[in-house]
Participant: 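My questions will all concern the structure given below.
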Amino acid sequence: MLDLFSEIEEPEREELKRLRKELEEANYKYYVLNMPTLSDREFDEKMHRLQALEAQFPDMFDPKSPTQHVGSDLGKKGFEQVRHKYPMLSLANSYSREEIEDWVRKLPSGVEIVCELKYDGLSISLWYEHGVLVKALTRGDGQQGDNVIDNIKTIPSIPWKIDRTDIPEWFELRGEVLLPWANFERLNKEREEQEEPLFANPRNAASGTLKLQDPREVARRGLDAYLYYMLGENLPGTTHYERLDTARQWGFHISNAIKVCKNVDEVMAYIAYWDTERKNLPVATDGIVLKVNNLAQQEELGFTAKTPRWAIAYKFPAEKQLTLLKEITYQVGRTGVVTPVANLEPVQLSGTIVQRATLHNEDFIRSLDIRPGDRVWVEKGGEIIPKIVGRADRNDEMSATASLNDGMMYSFPTTCPECGAPLVRVEGEAAWRCPNETGCPPQIKGKIEHFVSRKAMNIDGLGEETIDLFYQKGLLHNIADIYDLKLSDIAAQERLGEKSAQNILDGIEASKQVPWARVLFALGIRMVGETTAKKIARKYNTIDALQWATAEQLCAIEDVGPQIAENIVAYFNDMRNLEILERLRQAGVQFEGEAEAEPTSDKLAGLSIVISGTFSQHSRDEYKALIEAHGGKNVGSVSKKTSFILAGENMGPEKRKKAEDLGIKLLTEDEFLGLLGS
């Protein structure tokens with residue numbers, strides 16, 4: 001009988017292991033990569049199932065299980081890691097009145113509940129000593145976080161100093177760092193113009209922004225913050241609401257939407273009100289947070305391994321609306337990709353009016369079988385970019401206008417909607433592409449816009465509208481024409497005078513000092529992004545050397561695959577491009593950089609090395625240089641191909657776990673330097 005029961009249990013034990021792996025991966029993608037793959041509800045359902053299985057099989061307890069710790073965003077970009085004075089835990093989620101009632105039943109009788117909006121951003125812990133902001137920590141792994149104080153100081157709503165005499169010697173305020181909708185849409189518009197991947201939602205954008213190394217770029221993006229909890233010794237007030245009101249008086253940004261509720265009916269009325277009204281807020285919200293108001297009761301209720309018992313979150317369902325697909329139009333990008341766009345009857349979703357949504361490509365449209373005249377479902381699950389997730393039944397009364405589509409099939413255009421050139425579709429790719437690079441207006445203007453952009457040649461004054469104007473007037477046909485612009489030609493254009501013209505010419509002149517790696521990126525060779533351009537420029541320190549490189553030689557460069565190599569070779573095989581390059585050379589554009597340093601030894605030849613953690617004897621950049629100087633290769637992620645990890649203090653837990661799973665050796669600073677004989 002024992003053997004029979006073992007056989008019955010075995011599939012559930014395997015499910016337990018699988019769920020642990022899935023949830024760890026989901027945590028990594030959410031907290032570290034800012035690329036969520038599961039909705040909150042899907043994640044919670046898997047977590048609840050894992051908790052049930054772990055209760056069923058106590059012999060499989062593991063302190064590293066996702067049920068025993070919060071997700072971690074540690075180990076990114078070398079920020080100082082600091083231990084939290086109070087653990088920074090996550091909240092349990094609920095999705096119905098029944099779950100809220102169940103939570104309330106476990107609380108002391110007659111308890112007051114504070115309801116707050118659950119802002120969809122990045123958790124932050126602010127430490128103040130003698131009224132001065134001294135640390136700003138991310139949640140990290142709940143026990144320690146990254147100190148991002150330089151970036152936090154760029155947020156106008158967070159005070160650097162509190163000039164009051166009635167504040168404690170030390171206190172902590174916790175809150176949420178957010179990217180307002182308006183700034184999120186501006187940032188994504190910039191990325192769309194550069195054909196860079198769009199941020200999926202404001203939370204991802206805020207998280208990525210807060211971990212940038214350049215505070216000036218953080219300031220430019222325009223983060224905000226709402227604070228919602230105070231910690232410390234000898235703090236004023238006996239309730240959570242009183243403390244938030246005190247923090248507001250001290251000058252902190254506290255939401256006005258906080259309310260003390262006496263029972264579940266009041267809580268549900270609050271939820272119902274904000275489920276609609278939140279759409280008019282300037283920032284993203286994804287639910288409501290419920291907290292016990294009395295601080296002594298909070299302390300008495302305590303915590304589980306990863307959540308406080310005195311608080312819970314209610315998550316709003318994903319927003320979905322039915323609207324009319326009026327027509328499908330087509331956009332041509334700077335690389336010639338033709339993207340279908342759904343033009344919709346306007347509908348409000350998560351604080352914005354949605355009138356357009358990408359349809360990605362022909363295969364996506366066919367998979368949903370959607371056509372102009374259909375009523376389609378538009379969703380913003382978790383406040384993401386609007387997407388079409390389906391259509392209403394064409395026989396449905398609400399879809400009567402779509403009945404004309406019965407029997408019709410969607411047909412993707414065969415010619416470019418801008419220039420009329422026959423479209424091509426490369427084998428293995430989903431997108432149709434216009435091959436007319438030098439004669440298709442959106443491609444011509446798109447290449448110029450990319451060339452002058454901030455991360456490329458950074459030429460101020462030449463924005464999208466100005467480039468379009470100069471193109472229409474015959475002043476710009478390609479990127480080399482920029483360096484032939486004259487003061488009189490520019491000043492003669494509408495809305496431009498001599499001062500604006502001179503500013504543009506000054507920007508053009510300054511661009512001649514832009515280093516070779518950025519020039520290479522600015523050329524707009526298909527699939528050669530900013531990081532790849534840097535790696536290519538390090539290997540080939542002149543454009544002449546790069547011009548004669550073979551595809552095989554290019555593939556030897558990290559991150560350069562066969563397709564990128566072929567694109568580079570094809571670029572230099574086109575006489576039109578060579579003519580443009582020669583004109584840029586004559587104008588004084590930098591086509592030469594520093595030569596790649598030859599390795600001083602081969603002690604690390606053939607080894608792929610990951611650096612993780614913080615170090616005392618050298619900086620991370622110095623260690624990267626040492627690895628390259630001794631013939632090794634720096635890699636950012638742990639895989640089977642990793643030779644070893646140079647592990648400092650506070651090594652990222654995800655990297656450590658993966659190294660353990662793959663049996664990859666960890667070397668300390670001293671061991672690594674000993675390996676090099678230094």
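Basis for what follows: all heavy atoms, side chains included, without hydrogens, waters or symmetry-related copies.
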Participant: In terms of ring plane angle, is the pair Trp432 and Phe412 parallel, tilted or perpendicular, where the classes change at 30° and 60°?
Facilitator: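 Parallel: the ring planes of Trp432 and Phe412 meet at under 30°.
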Participant: Is there a donor-acceptor pair under 3.5 Å between the side chain of Glu176 and the backbone N or O of Gly121?
Facilitator: yes
Participant: Does this structure show an ion pair linking Glu22 with Lys46, if we count only N-O contacts that are shorter than 4.0 Å?
Facilitator: yes
Participant: Does the distance from a Lys or Arg side-chain N to an Asp or Glu carboxylate O, for Arg366 and Glu362, drop under 4.0 Å?
Facilitator: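 Salt bridge flag = yes for Glu362 with Arg366.
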Participant: Taking C-beta and beyond as the side chain, do Phe470 and Ile448 meet within less than 4.5 Å on heavy atoms?
Facilitator: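 SC-SC contact between Phe470 and Ile448 ruled out.
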Participant: Tell me the closest heavy-atom pair linking Pro340 and His360, and the distance in Å.
Facilitator: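 Of all heavy-atom pairs spanning Pro340 and His360, the closest is CD-O, 3.5 Å.
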Participant: Determine the minimum heavy-atom distance between Gly461 and Thr466, stating which atoms define it.
Facilitator: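 In this case the closest contact between Gly461 and Thr466 is O-OG1, 3.5 Å.
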Participant: Measure the CD-CG distance between Glu277 and Asn280 for me, rounded to the nearest 0.5 Å.
Facilitator: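 So the gap between those two atoms works out to 4.5 Å.
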Participant: For Ala205 and Arg221, which heavy atoms make the closest approach, and how far apart are they?
Facilitator: O-NH1, 4.5 Å
Participant: Could you go through Glu190 and Arg186, starting from their C-alpha distance and side-chain angles, then the distance that decides it, and tell me whether this counts as salt bridge (charged side-chain N to carboxylate O under 4.0 Å, His left out)?
Facilitator: CA-CA 6 Å; Glu190 292 174 2; Arg186 170 180 58 81; 3.5 Å; yes
Participant: State, yes or no, whether a side-chain contact exists between Leu223 and Asn151 at a heavy-atom distance under 4.5 Å.
Facilitator: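 Heavy-atom side-chain distance check fails, nothing below 4.5 Å.
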Participant: Is it true that a side-chain atom of Asp489 and a backbone atom of Leu485 form a donor plus acceptor pair closer than 3.5 Å?
Facilitator: no
Participant: Kindly compute the distance separating OG1 (Thr438) from CG (Asp574), expressed to the nearest 0.5 Å.
Facilitator: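 Thr438 atom OG1 to Asp574 atom CG measures 7.5 Å (nearest 0.5 Å).
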Participant: Work out which heavy atom in Pro180 is nearest to a heavy atom in Gly222; give both atom names and the distance.
Facilitator: CD-O, 3.4 Å
Participant: With side chains defined as the heavy atoms from C-beta onward, is the minimum distance between Ile444 and Tyr471 less than 4.5 Å?
Facilitator: yes
Participant: Hey, could you give me the CD1/CG distance between Ile543 and Leu523, rounded to the nearest 0.5 Å?
Facilitator: 5.5 Å
Participant: Quick one: do Asp484 and Arg583 make a salt bridge, cutoff under 4.0 Å?
Facilitator: yes
Participant: Quick check for you: to the nearest 0.5 Å, what is the distance between Leu179 atom CG and Asp224 atom CG?
Facilitator: 9.5 Å
Participant: Answer yes or no: is there an ion pair linking Arg526 with Glu437, defined by an N-O contact shorter than 4.0 Å?
Facilitator: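 Salt bridge between Arg526 and Glu437, a charged N being under 4.0 Å from a carboxylate O: no.
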Participant: Does any non-hydrogen side-chain atom of Leu423 lie less than 4.5 Å from one of Cys416?
Facilitator: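 A side-chain contact exists here, since the closest heavy-atom pair is under 4.5 Å.
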Participant: Taking all atoms of both residues into account, what is the closest heavy-atom pair of Cys419 and Asn436, and its distance?
Facilitator: SG-ND2, 3.5 Å
Participant: Using 4.0 Å as the upper bound for N to carboxylate O, is an ion pair formed by Arg278 and Asp286?
Facilitator: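 Salt bridge flag = no for Arg278 with Asp286.
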Participant: Can you find a pair of side-chain heavy atoms, one from Val528 and one from Ile568, that are under 4.5 Å apart?
Facilitator: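 Touching, per the 4.5 Å side-chain cut-off.
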Participant: Do other residues, nucleotides or ligands put more than 12 heavy atoms under 6.0 Å from the NZ atom of Lys641?
Facilitator: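 No, the 6.0 Å shell around NZ holds no more than 12 heavy atoms from other groups.
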Participant: Heavy-atom distance under 4.5 Å between the side chains of Val560 and Lys535, does that happen here?
Facilitator: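 No, their side chains stay 4.5 Å or more apart.
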Participant: Between Asp544 and Arg585, does any NZ, NE, NH1 or NH2 come within less than 4.0 Å of an OD or OE carboxylate oxygen?
Facilitator: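 Salt bridge flag = yes for Asp544 with Arg585.
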Participant: Is there a donor in the side chain of Glu582 and an acceptor in the side chain of Gln586, or the other way round, less than 3.5 Å apart?
Facilitator: yes
Participant: Under the criterion side-chain contact (heavy atoms from CB on, under 4.5 Å), I'd like the reasoning laid out for Arg356 against Gln331: C-alpha separation, chi angles, the key distance, then a yes or no.
Facilitator: CA-CA 12 Å; Arg356 289 157 59 91; Gln331 291 181 338; 2.6 Å; yes
Participant: Rounded to the nearest 0.5 Å, how far apart are CD1 of Ile525 and CG of Asn577?
Facilitator: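 Rounded to the nearest 0.5 Å, the CD1-CG separation comes to 8.0 Å.
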Participant: May I ask you to test the Thr339-Tyr330 pair for a side-chain heavy-atom distance under 4.5 Å?
Facilitator: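 No, too far: nothing below the 4.5 Å cut-off.
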Participant: Would you find a donor on one side and an acceptor on the other, under 3.5 Å apart, between the side chain of Arg433 and the backbone of Thr335?
Facilitator: yes
Participant: Looking only at atom types and distance, does a side-chain atom of Asp374 sit under 3.5 Å from a main-chain N or O of Ile370, one as donor and one as acceptor?
Facilitator: no
Participant: Once rounded to the nearest 0.5 Å, what's the spacing between atom NZ of Lys512 and atom CD1 of Ile459?
Facilitator: 10.0 Å
Participant: Looking only at side chains, do Thr285 and Asp120 share a donor and an acceptor under 3.5 Å apart?
Facilitator: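 No, no side-chain donor-acceptor contact under 3.5 Å.
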Participant: Report the C-alpha distance between Val338 and Asn361 in whole Å, list the side-chain angles of each, state the deciding distance to 0.1 Å, and finish with yes or no for side-chain contact (heavy atoms from CB on, under 4.5 Å).
Facilitator: CA-CA 8 Å; Val338 179; Asn361 52 55; over 6 Å; no
Participant: Please test Glu449 against Arg334 for side-chain contact (heavy atoms from CB on, under 4.5 Å), starting from the C-alpha separation and ending with a verdict.
Facilitator: CA-CA 9 Å; Glu449 289 166 16; Arg334 69 175 176 85; over 6 Å; no
Participant: More than 12 heavy atoms of other residues, nucleotides or ligands under 6.0 Å from CD of Glu498: yes or no?
Facilitator: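 For Glu498, atom CD is not crowded (no more than 12 foreign heavy atoms under 6.0 Å).
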Participant: Going by an N to O cut-off under 4.0 Å, is there a salt bridge joining Arg220 and Glu217?
Facilitator: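 Judged by the 4.0 Å cut-off on N to carboxylate O distance, Arg220 and Glu217 do form a salt bridge.
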Participant: Quick check: does any side chain N or O of Ser207 sit under 3.5 Å from a backbone N or O of Asn204, one acting as donor and the other as acceptor?
Facilitator: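 Answer holds: no.
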Participant: Is it true that Arg518 and Glu530 make a salt bridge, defined as a side-chain N closer than 4.0 Å to a carboxylate O?
Facilitator: no
Participant: Give me the atom names and distance for the closest heavy-atom approach of Ala522 to Ala456.
Facilitator: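 Closest approach of Ala522 to Ala456, heavy atoms only: CB-CB, 3.5 Å.
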Participant: Test side-chain contact (heavy atoms from CB on, under 4.5 Å) on Tyr540 and Gln553; report intermediate values, then the result.
Facilitator: CA-CA 11 Å; Tyr540 295 96; Gln553 290 169 332; 3.4 Å; yes
Participant: Just so I know, are the side chains of Tyr483 and Leu584 near enough to count as touching, which here means a heavy-atom distance under 4.5 Å?
Facilitator: yes
